[in-house]
Asks: 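Below is one structure. I have some questions about it.
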Amino acid sequence: MKSVIVLLGPPGSGKGTQGEMLSEKLGYTRLSTGDMLREAVRNGTELGLKAKGYMDSGALVPNDLIIGLMKEKIAQSKGGVILDGFPRTVEQADALAQQVEVDLALDLDVPDEELVNRLTKRRSCPGCNAVYHLVYNPPKAEGVCDKCGGQLYQRDDDKDETVKNRLNVYRENTMPLIGYYEKKGVLTVIEGTGSIDDIFAQVQKAVQ
Ligand code: AMP
């Protein structure tokens with residue numbers, strides 16, 4: 001069984017949803033840099049204060065703020081890990097390679113129009129980080145998280161203007177990682193459209 005799994009794919013491709021399902025299924029730790037950074041912003045920590053401006057505009061947070069943090073979290077994790085949103089640059093991937101060997105990089109492939117639709121209709125839970133879609137995957141009660149009862153909100157960077165920028169940033173900085181992991185022989189591309197359960201079936205096949 002693969003024990004270091006990287007989730008690639010643009011914003012809105014389902015990394016959070018599939019990563020969470022996989023972490024429950026395998027008992028692996030899911031480490032999401034986006035969730036960690038949002039928590040730091042909410043708590044007003046030094047990291048949060050430094051990261052906020054970048055996140056609000058859809059830019060990447062500088063590598064030096066992320067790499068050390070992620071390496072520490074990986075070192076503290078016991079058992080398998082699922083990395084959601086890291087690495088996002090070649091420099092981050094090189095830093096990760098110095099610490100652990102990646103067993104599997106899963107690229108969730110979704111067309112741009114679908115990404116925009118998913119992101120702008122996404123609602124997130126600040127309490128447990130669960131995500132919903134207003135049409136495809138709505139919560140049972142409007143505005144309330146099924147899992148923890150938290151009040152759902154729309155992330156600032158899920159608004160129309162910022163989404164475009166995030167997709168450009170992805171293309172420029174993160175897409176090269178598809179080739180990077182392909183060369184290492186650990187890439188699996190998953191068709192990221194269709195039902196959440198169908199996609200998860202493909203994800204499970206890839207990790208075996
Ligand atoms: P996400 O929740 O993964 O979409 O991440 C939200 C925002 O957090 C991104 O738009 C970036 O500003 C920042 N971020 C998350 N992961 C990284 C990373 N590995 N490197 C740099 N910035 C990141």
Side-chain angles (χ1 to χ4, degrees), residues 4-20 22-23 30-43 45-74 81-100 102 105-108 110 112 114-133 152-178 180-181 192:
V4 178
I5 300 171
V6 164
L7 298 180
L8 296 174
S13 59
K15 299 188 298 294
T17 302
Q18 296 295 328
E20 193 52 39
L22 194 59
S23 111
R30 171 174 159 259
L31 296 173
S32 156
T33 38
D35 286 349
M36 285 175 208
L37 290 168
R38 278 184 290 280
E39 197 183 326
V41 170
R42 275 197 293 273
N43 294 336
T45 66
E46 199 184 327
L47 170 68
L49 293 175
K50 285 184 182 157
K52 188 175 183 322
Y54 298 101
M55 295 172 75
D56 285 349
S57 69
L60 292 181
V61 168
N63 284 325
D64 61 328
L65 290 183
I66 282 287
I67 289 174
L69 169 75
M70 207 50 178
K71 282 193 148 183
E72 197 183 310
K73 296 282 180 196
I74 292 169
V81 286
I82 298 167
L83 306 183
D84 169 355
F86 183 92
R88 252 176 158 105
T89 63
V90 170
E91 191 180 336
Q92 291 177 14
D94 285 340
L96 178 65
Q98 283 170 14
Q99 185 183 15
V100 290
V102 170
L106 281 179
D107 175 36
L108 295 169
V110 177
D112 274 13
E114 175 69 11
L115 294 171
V116 172
N117 169 20
R118 287 188 189 180
L119 288 167
T120 52
K121 293 198 174 61
R122 176 159 75 178
R123 295 295 180 268
S124 305
C125 176
C128 70
N129 299 312
V131 288
Y132 299 86
H133 185 276
L152 302 180
Y153 77 113
Q154 182 177 32
R155 281 169 46 177
D156 278 341
D157 63 349
D158 279 347
K159 295 183 179 154
D160 252 349
E161 325 80 71
T162 318
V163 160
K164 270 203 195 103
N165 194 29
R166 287 167 68 202
L167 293 178
N168 286 334
V169 166
Y170 166 78
R171 257 180 236 115
E172 203 166 301
N173 298 280
T174 312
M175 236 169 117
L177 294 181
I178 297 175
Y180 179 102
Y181 286 114

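Read the numbers this way: they start at 1 and go in the same order the structure lists the ligands and their atoms.
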Asks: Does the Lys15 side chain pair with the main chain of Gly9, one donor and one acceptor, at a distance under 3.5 Å?
Replies: yes

Asks: Can I get a per-line list of side-chain donor-acceptor pairs under 3.5 Å for residues 124-131, giving both atom names and the distance, sequence neighbours left out?
Replies:
none

Asks: Going by the side-chain contact (heavy atoms from CB on, under 4.5 Å) test, name the single residue among Leu83, Leu177, Asp84 that passes it with Val6.
Replies: Leu83

Asks: Report yes if some heavy atom in the side chain of Met70 is under 4.5 Å from a heavy atom in the side chain of Gln92; otherwise report no.
Replies: no

Asks: Distance check, rounded to the nearest 0.5 Å: Asp56 atom CG versus Arg155 atom CZ?
Replies: 11.0 Å

Asks: Go ahead and list the nitrogen or oxygen contacts between ligand 1 and the protein that come in under 3.5 Å, distances to 0.1 Å, or just say none.
Replies:
from, atom 1, to, atom 2, distance (Å)
ligand 1, 2 (O), Arg38, NH1, 2.9
ligand 1, 2 (O), Arg38, NH2, 3.0
ligand 1, 2 (O), Arg155, NH1, 3.3
ligand 1, 2 (O), Arg155, NH2, 3.3
ligand 1, 3 (O), Arg88, NH1, 3.0
ligand 1, 3 (O), Arg88, NH2, 3.1
ligand 1, 4 (O), Arg88, NH2, 3.3
ligand 1, 4 (O), Arg155, NH2, 3.2
ligand 1, 4 (O), Arg166, NH2, 3.2
ligand 1, 12 (O), Ala59, O, 2.5
ligand 1, 16 (N), Thr33, OG1, 2.7
ligand 1, 16 (N), Gly85, O, 3.4
ligand 1, 16 (N), Arg88, NH1, 3.1
ligand 1, 19 (N), Gly85, O, 2.8
ligand 1, 19 (N), Gln92, OE1, 3.0
ligand 1, 20 (N), Gln92, NE2, 2.9
ligand 1, 22 (N), Val61, N, 3.0

Asks: For the CD atom on Glu91, are there more than 12 heavy atoms of other groups (residues, nucleotides or ligands in this structure) within a distance under 6.0 Å?
Replies: no

